[in-house]
Structures are given as structure tokens and as C-alpha cells.
Amino acid sequence: MTTGSVLPLLLLGLSGALRAHREDLTVREACKAGFSEEGYTALISPNVLEGEKLLKVEFSSCVGTKGMQYETNSLDFKVGADGTVFATRELKIPSEQVAFTVTARERQSAEQWAAMVRLLVAQTSSAHSEHKKGQTVALDPSQPPNDTLLPWPQHQSSGGLRRQKRDWVIPPINVPENSRGPFPQQLVRIRSDKDNDIPIRYSITGVGADQPPMEVFNIDSMSGRMYVTRPMDREERASYHLRAHAVDMNGNKVENPIDLYIYVIDMNDNRPEFINQVYNGSVDEGSKPGTYVMTVTANDADDSTTANGMVRYRIVTQTPQSPSQNMFTINSETGDIVTVAAGLDREKVQQYTVIVQATDMEGNLNYGLSNTATAIITVTDVNDNPPEFTTSTFAGEVPENRIETVVANLTVMDRDQPHSPNWNAVYRIISGDPSGHFSVRTDPVTNEGMVTVVKAVDYELNRAFMLTVMVSNQAPLASGIQMSFQSTAGVTISVTDVNEAPYFPSNHKLIRLEEGVPTGTALTTFSAVDPDRFMQQAVRYSKLSDPANWLHINTSNGQITTAAILDRESLYTKNNVYEATFLAADNGIPPASGTGTLQIYLIDINDNAPQLLPKEAQICERPGLNAINITAADADMDPNIGPYVFELPFIPTTVRKNWTITRLNGDYAQLSLRILYLEAGVYDVPIIVTDSGNPPLSNTSVIKVKVCPCDENGDCTTVGAVAAAGLGTGAIVAILICIVILLIMVLLFVVWMKRREKERHTKQLLIDPEDDVRDNILKYDEEGGGEEDQDYDLSQLQQPEAMEHVLSKTPGVRRVDERPVGAEPQYPVRPVVPHPGDIGDFINEGLRAADNDPTAPPYDSLLVFDYEGSGSTAGSVSSLNSSSSGDQDYDYLNDWGPRFKKLADMYGGGEED
């Protein structure tokens with residue numbers, strides 16, 4: 001603020017009517033749309049900056065304020081979307097007040113509301129005073145002339161009822177951002193009219209005062225002057241809401257807090273920033289002018305309600321400038337890029353690079369800040385070029401009877417984008433191939449049409465084909481584009497003759513005849529046909545497969561005769577059918593051959609007699625308990641099988657005497673005993689079986705019947721079964737005795753093996769005899785040395801002469817290198833894999849025996865070793881002296897036990913002697 005004066009008390013009187021109207025608003029319906037006030041009043045400075053916020057109007061709507069649009073009837077003032085009233089340009093107001101109307105219009109319903117706004121201009125005279133309901137505001141004579149005084153709202157009561165009077169609309173305090181100071185910079189001064197009576201302390205609270213960011217604003221507690229302490233940044237925070245407090249020296253509230261609104265006035269200190277530095281868009285080739293391409297967007301951090309944040313767009317350059325330098329235009333406000341000229345052709349220009357500039361200050365290049373971005377516009381392909389054959393005729397050749405063979409390659413040219421639906425060719429044969437022998441497939445890489453044989457052609461029927469092929473694209477042609485006459489071509493295909501194999505017209509050929517026909521019988525003529533009508537060739541026949549070797553074929557005419565008797569019951573027939581394969585070969589170059597299959601259905605004749613089943617059976621020795629069910633099997637088929645006739649022969653006579661047959665049905669009968677008792681045993685019973693063929697065939701079969709004693713259930717007993725097998729009681733007893741003897745022998749052998757194993761374990765030493773070297777003489781190679789070295793006494797190596805010290809030892813304590821006297825001790829059996837603890841125990845036991853036996857060698861025994869003779873070139877080892885110098889203490893030998901006592905006496909006690 002550049003001016004300041006004492007606010008006339010006349011303004012306080014104007015607020016009475018406004019406060020009364022505000023109380024009436026509380027009784028309105030909650031959802032009634034309209035302004036919160038019928039009129040708004042604010043105090044302003046005579047000098048108003050562009051974009052300076054003056055006050056805020058509030059509008060309430062049931063559907064929200066998103067769709068509301070504000071307008072004014074003044075060119076100097078506008079209302080933002082949030083209801084903030086600001087100056088559109090820098091103003092200097094000479095009059096005492098400015099009044100204008102604010103209109104709110106709902107976009108959907110077009111309904112509108114209006115409110116009056118009065119802006120009171122602060123006067124510069126400091127001696128001016130007004131009355132407000134009998135109260136006056138006394139000014140501090142020391143108040144600087146540039147102070148803007150904000151008086152405290154007054155409150156009165158009437159009739160004992162206290163109510164809030166109409167408050168002043170405290171005008172917002174406007175602070176320009178990026179101010180250079182000096183700081184602190186005074187903004188306004190607030191005071192209460194009660195400071196004439198009592199001392200008052202002033203304070204402010206809120207964001208920017210006692211809340212982060214801290215100490216942006218402060219106030220002189222005594223004078224009420226409020227200061228800003230540092231430069232403001234609107235992009236960091238656009239407004240502050242503070243509350244001013246007045247208390248006496250004891251901290252008692254003197255006045256109710258008042259609200260202070262501080263707005264940071266925007267300066268144009270931010271360039272527009274594009275969301276992306278590179279934008280990618282596309283447009284179809286051949287698009288009409290005005291076709292939408294893409295949208296670029298730049299944001300300006302400055303206030304968008306002022307010119308500082310109002311961005312405008314323009315195209316700076318276009319590359320390439322073909323076919324025109326202005327192929328595109330941009331909406332200056334929205335950033336929409338559209339085509340402005342015709343002639344987009346992808347085949348000529350595939351991509352445009354457009355530099356777009358965004359400038360604030362509503363596009364003013366002299367005052368505004370600018371930034372640029374790149375828009376890459378790709379011209380997308382449309383099918384505006386039909387495919388065309390490179391030549392009008394094509395030719396190819398194919399051998400007959402070939403399929404999946406490429407006959408010819410059809411080449412086309414298409415200027416559209418390769419490997420796209422607009423470029424991919426689709427070929428279609430429109431004439432010349434009524435039988436569908438050919439198909440044209442597209443090579444996915446080269447886009448060529450491959451004429452392929454999909455159905456074999458026959459030289460004898462068609463020697464050549466004349467095809468008409470049309471080509472198109474996968475995608476339809478663009479609107480207004482016609483198919484070219486070069487989109488069709490002729491294809492001539494020649495068929496070459498090859499030697500074709502003979503074939504049997506009736507393959508597989510089936511004939512029917514009875515089995516058993518004589519050898520040499522002519523069955524049929526199985527001839528083949530040579531399809532090569534224009535070649536004079538002879539066909540020869542041969543057998544390719546004849547499993548039973550029953551057939552013979554004439555090599556010249558294909559007549560088939562029998563080489564053996566055909567048998568339906570043979571293993572080579574399946575389902576009464578015998579199958580043979582024959583080969584027909586011509587004498588062409590190269591020769592060709594074909595095969596044919598002959599199937600012979602053999603009609604059954606009664607040539608197999610029935611066989612009795614079962615071959616063995618079992619029956620009780622007395623009749624009535626059970627019987628044997630018998631049947632028959634016949635290799636023939638109906639009607640040459642059952643019903644069967646079962647009967648017993650008359651010879652021998654014992655058969656009919658002992659046995660009888662009872663018919664059950666056409667296929668089964670029962671064999672049973674005729675006499676009351678038959679001795680147990682095995683009997684061969686002959687039975688005659690006759691089938692129902694024409695003529696019938698009979699067969700005498702023998703069934704082995706085991707007769708045995710049975711229990712009450714009719715089952716053979718165990719003894720009876722054995723007896724029936726032909727073994728007597730003596731034989732059974734002999735078998736049992738043999739089994740018992742065999743078991744006894746096995747038991748004795750096991751016992752003997754156990755005992756031998758035990759003896760071997762008890763004689764085993766802790767050290768195997770092979771490893772025991774106590775009394776063994778190990779003789780190595782003789783190296784010679786004369787007669788003298790042969791004179792030695794082996795007795796010294798065997799056993800000491802005096803045995804008393806050995807015999808007098810305590811049992812169990814013995815040197816392990818002594819020959820044992822008396823019975824050998826029983827060592828425990830060592831495991832196959834010795835435990836490490838066993839070796840340790842063995843060593844410790846020997847050591848303990850040696851330490852406790854002072855009479856053991858080498859102290860009291862003379863051990864004579866081998867004498868190697870005299871005259872050795874080596875000197876005596878006694879001449880070797882210790883390399884150690886000085887005296888040595890051998891007392892530690894006393895700690896080594898009895899075995900080292902002699903050494904301890906010899907070396908340790910030398911000094912005492």
C-alpha cells in the first residue's frame with residue numbers, strides 16, 4: 001500500500017444496514033442458490049495494481065459452484081472462478097468509491113444472480129473524523145502519514161439483548177511478490193478505540209505468524225503496526241489468513257479477534273513449462289483442412305487469472321516445409337494443433353517436426369516469458385495406392401501329380417507403407433482353374449504371390465492352364481481410390497508328362513470261395529492299368545506279400561491260381577479273410593510300380609473233428625458225490641460245430657461197465673461212475689465226440705480221471721489225492737523219513753560251522769600272527785661279506801637263559817616283546833575294522849607293563865645282534881660327539897619312569913660322584 005490515512009467514521013455507519021441484512025440470511029432455506037450478500041463493501045487504496053485482489057464474493061448453490069460463471073459490468077474489474085474480485089489493469093481511482101455489479105450465471109440452466117460491489121477509497125486526510133452511533137475513534141498523533149488504519153469493529157447491545165452488528169468487510173491486504181525491501185516492510189496498522197482509555201497490546205496468529213512458515217509477518221504489540229519480514233513468493237503461497245488480537249496489560253481480551261486476509265500479488269516471474277518437451281501425434285495422409293492432430297499443453301506457475309499466467313501458443317517453425325510451409329496451425333488458447341492445408345502425402349513426407357512456442361502475458365512477445373517444445377507429427381498411411389503387377393503375364397511349369405509345388409512367383413508394386421494392411425497383397429484366381437488345382441499364397445517378406453499346386457494335375461487330362469489372377473490389399477482402398485487395371489495379370493502354366501505307376505482299379509479286391517480247393521485252381525485275374533496313354537509300356541506282375549505262400553500270379557496277365565490248399569483255420573487268416581499283396585511294374589524310364597491287395601474270404605467246410613474238454617478230471621471213488629462236466633471244442637464254425645454227441649466206446653468193455661455219460665445240452669454232458677465203488681487211482685476213459693457237420697466228423701478222445709476217497713463234502717482228501725496219484729503207504733513213509741534225515745544233516749552241519757567259527761575266534765590274537773615279530777626271524781637278501789659274518793649265535797634272539805624273572809611275574813603283566821611261557825592267553829576277537837580305541841588300549845597296556853618291570857631287557861639281558869664282520873670302511877660311531885656345547889641338565893630322565901632310571905643315574909648324578 002502506498003497511501004494511508006485515518007478511515008472516516010462515516011464508513012462505520014454504512015455497515016449497519018449490511019449487518020442487519022446478514023442476520024436475515026440465517027432464516028433462508030439451506031439449499032437456496034444465490035450470493036451470500038446482496039452487496040459487498042471493501043476498502044481499497046486509490047492506486048490499484050494490475051491483478052490486485054480486492055475482495056471475495058461468495059455464492060452458494062445446491063449443485064455446487066463448479067458450473068458457475070462470474071461476470072461484471074465493469075471493464076476494470078473481473079471475478080475469478082473462486083469469487084475473487086481483482087483489477088484487470090493498473091488503476092488510479094480519483095473518486096471516493098467505485099460500484100459495479102457482479103453476475104453469477106449457471107451454465108446448464110442459464111439462470112443468473114446479481115450482487116452489488118462497492119469499493120470505498122481511503123482518504124489521505126488524517127484530520128478527518130466521523131461519528132458512529134455516538135462513538136469516536138481517536139487517532140494517535142504519532143501515527144505516520146502512510147499508515148493504513150484498520151479500526152476494530154464495534155459492538156452494541158439494546159434492550160438487554162446482545163447481538164452482532166454488521167461488521168466491516170476488512171479489505172484484503174495486498175503484498176507484491178519478490179519485493180526487494182527493505183525489510184521489515186510495514187503493511188498496515190490496526191488499533192482499537194479503547195486504547196485511549198487503557199494500554200492495549202496487539203498480536204497476530206495464524207499461518208505465517210505463529211504457525212509454519214514462522215515469522216513471515218509480525219506486529220508491534222504497542223502501536224499495532226504489522227510488518228512483512230521477507231520477500232513473498234506467490235507460487236509458494238498465494239494468501240495468508242491471520243487473526244488480530246487486542247488484550248490489556250493483564251492479558252484480558254479487550255476486543256474480539258478480527259480476520260486479516262493477505263494476498264500475494266503475482267508478478268510475471270515464471271515461464272510457461274510444457275508438460276512434455278516432445279509431443280508425438282499423427283494424422284492420416286490426405287486429411288482435409290481442420291483435421292485435429294494433437295494437443296500440446298504448457299502450464300504457468302503464475303496466477304492464471306491474470307495476464308501473468310495466461311498462456312498463448314504459436315507455431316514457430318515447421319520442418320519440412322512441403323508441400324507448404326504452413327501445413328498446420330495451433331489454437332492459441334487451447335494448444336490444439338490442426339491441419340490448415342491439404343496435400344498431406346505419406347509417400348512424399350512421412351513426418352513433420354513442428355516447434356511450438358508458449359508465451360504468457362496473453363502471448364505478448366515484448367513483455368511475456370516464452371518456452372518451446374517439439375511436436376513430431378507422423379503422417380499415417382491410408383490405402384490410397386492399389387497394388388499393381390510388375391508385368392501383365394507370368395509363366396510357369398509343373399510336372400503332373402505334384403502337389404505343394406510353387407509354379408510361378410507373381411511380383412507386385414505397392415507404394416503404401418510396407419508390411420501394413422495397406423501394403424500386404426491378397427491374390428485371387430478369378431478364372432482358368434474351375435477344378436481348384438492352384439492357389440496363390442502371399443510371401444510375407446517380399447509380398448510376392450506364389451502360385452502353388454494344391455491338387456495334382458494330370459497330363460493326360462490337361463496339358464496347360466491359363467489363369468487370371470487379381471491382387472488387392474488386406475485393407476480396403478481409401479474413399480475415392482479406384483482399382484488399377486494393372487491389378488490383374490495372366491498366368492500360363494504348362495504341365496509336363498512323367499512316367500506314372502500302374503494302378504489296380506479294384507483295390508482292395510475281394511473274392512469268396514470255399515477252403516480246401518485243390519492246388520492249381522484259378523481264382524481270379526488281378527490286372528493293373530497304366531495311366532500313361534501316350535507311352536507304349538508293358539506291365540509285369542509279381543507277388544509282394546503272400547504270408548502262407550498259397551497263391552501264384554501270372555507275370556503277364558495277372559491271373560491268380562492256388563499254389564497250396566487254402567485253410568480257413570490257418571493262423572494266416574483273420575476273420576475268415578486271407579490277404580495277399582501284388583506288385584505291378586512298367587518298363588518306363590525310370591520304371592514305376594503300383595501295388596494291389598487281394599482279399600480272399602474263405603467259406604468254412606467241416607474239415608476239423610471236435611476235441612474233448614477237459615483232458616484231466618477228478619472224481620470220488622463212490623458215485624453220487626460228484627460228476628465230471630465235459631464239452632468239446634471245434635476249429636470249424638457254425639453249422640459245422642455243435643450240438644455234439646458224447647458216447648462211450650464198446651471196447652474195452654470195462655469202460656461202459658464202470659462209467660456212464662449223461663447229456664446236459666447240445667454242448668455239455670456229464671461223466672460219472674456206474675458202479676458203487678471204484679478203487680482210487682488214475683483211469684484213462686475214452687469218449688467218442690461227434691459234431692453236427694455235413695458230413696459229421698467224429699473223434700475219440702481220452703480223459704484222465706483221478707479217482708480218490710472223498711470227505712462228506714465230496715472233496716478229495718489229502719491222503720486220497722496221494723493215493724490217487726499212485727503212491728502207497730510205504731512210499732509215503734519212506735519219503736517222510738528221507739525228509740527227516742535231510743533236516744538232521746543240515747542241523748548238524750550248522751552246529752559244526754558255529755563251533756568251528758567259535759574256535760577260530762578264541763585262538764585269534766590281538767595282533768595277527770603275520771604281524772607279530774616278537775620271535776620271528778625275517779631273513780632278507782644275502783649281500784655277502786665273508787665267513788666271519790656267518791658266525792653268530794641265534795639263541796640270543798630266541799629266549800633268555802634265565803626264565804625265573806619271567807615265571808615269577810604277576811599274571812596279566814608281561815612285556816609284549818617277550819615270548820609267552822605257559823598257556824596262550826585268550827585275546828578278544830578283533831573286529832574287521834579296528835576301533836581306534838583298541839589300538840590306544842593296546843599301546844597303553846604295553847607301556848604300563850614295561851614301566852612296572854625293571855628286570856625286563858634291555859637292562860638285565862644281553863641282546864646280541866648280527867655281526868657284519870671287520871674291515872668296514874666306516875668309522876666307529878663312538879667317535880661321534882654331541883654337537884651341543886656347555887653343560888646339559890639330564891634330571892628330567894627321572895620323570896620318565898623305571899625304564900630310564902639307569903640313564904638318570906649315569907647322566908644325572910655324574911657331578912655328585
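To the nearest 0.5 angstrom, Asn658 atom CG is 4.0 Å from Ile675 atom CD1. The CD atom of Gln599 sits 4.5 Å away from atom CD of Glu579, with the distance rounded to the nearest 0.5 Å. Taking CD of Glu397 as the reference point, atom OG1 of Thr492 lies at 12.5 Å (rounded to 0.5 Å). Atom CD1 of Ile603 is separated from atom CZ of Arg512 by 5.0 Å, given to the nearest 0.5 angstrom. Going from atom OG1 of Thr573 over to atom CG of Leu566 covers 9.5 Å, rounded to the nearest 0.5 Å. Between the OG atom in Ser593 and the CG atom in Asp586 there is a gap of 8.0 Å [rounded to 0.5 Å].
Because its NZ or CZ atom is both nearer than 6.0 Å to the ring centre of Phe650 and within 45° of the ring axis, Arg656 counts as a cation-pi partner of that residue.
Taking the ring pair (Phe, Tyr, Trp, His ring centres under 6.0 Å) definition, one finds that Tyr578 meets it with Trp550, sequence neighbours left out.
Using modelled atom types and a 3.5 Å distance limit, the side chains of Ser545 and Thr581 yield no donor-acceptor pair.
Between Ile560 and Phe582 the shortest side-chain heavy-atom distance falls below 4.5 Å.
Heavy atoms of other residues, nucleotides or ligands lying less than 6.0 angstrom from NZ of Lys754 number 12 at most. A 6.0 Å sphere centred on CD1 of Ile589 holds no more than 12 heavy atoms belonging to other residues, nucleotides or ligands.
In this structure, Phe504 has its ring center closer than 6.0 angstrom to the ring center of Phe526.
The closest donor-acceptor contact from the side chain of Asp604 to the backbone of Asp636 lies at 3.5 Å or more, if one exists at all.
As summarised for Cys710 and Cys620, their two SG atoms come within a distance smaller than 2.5 angstrom, satisfying the threshold.
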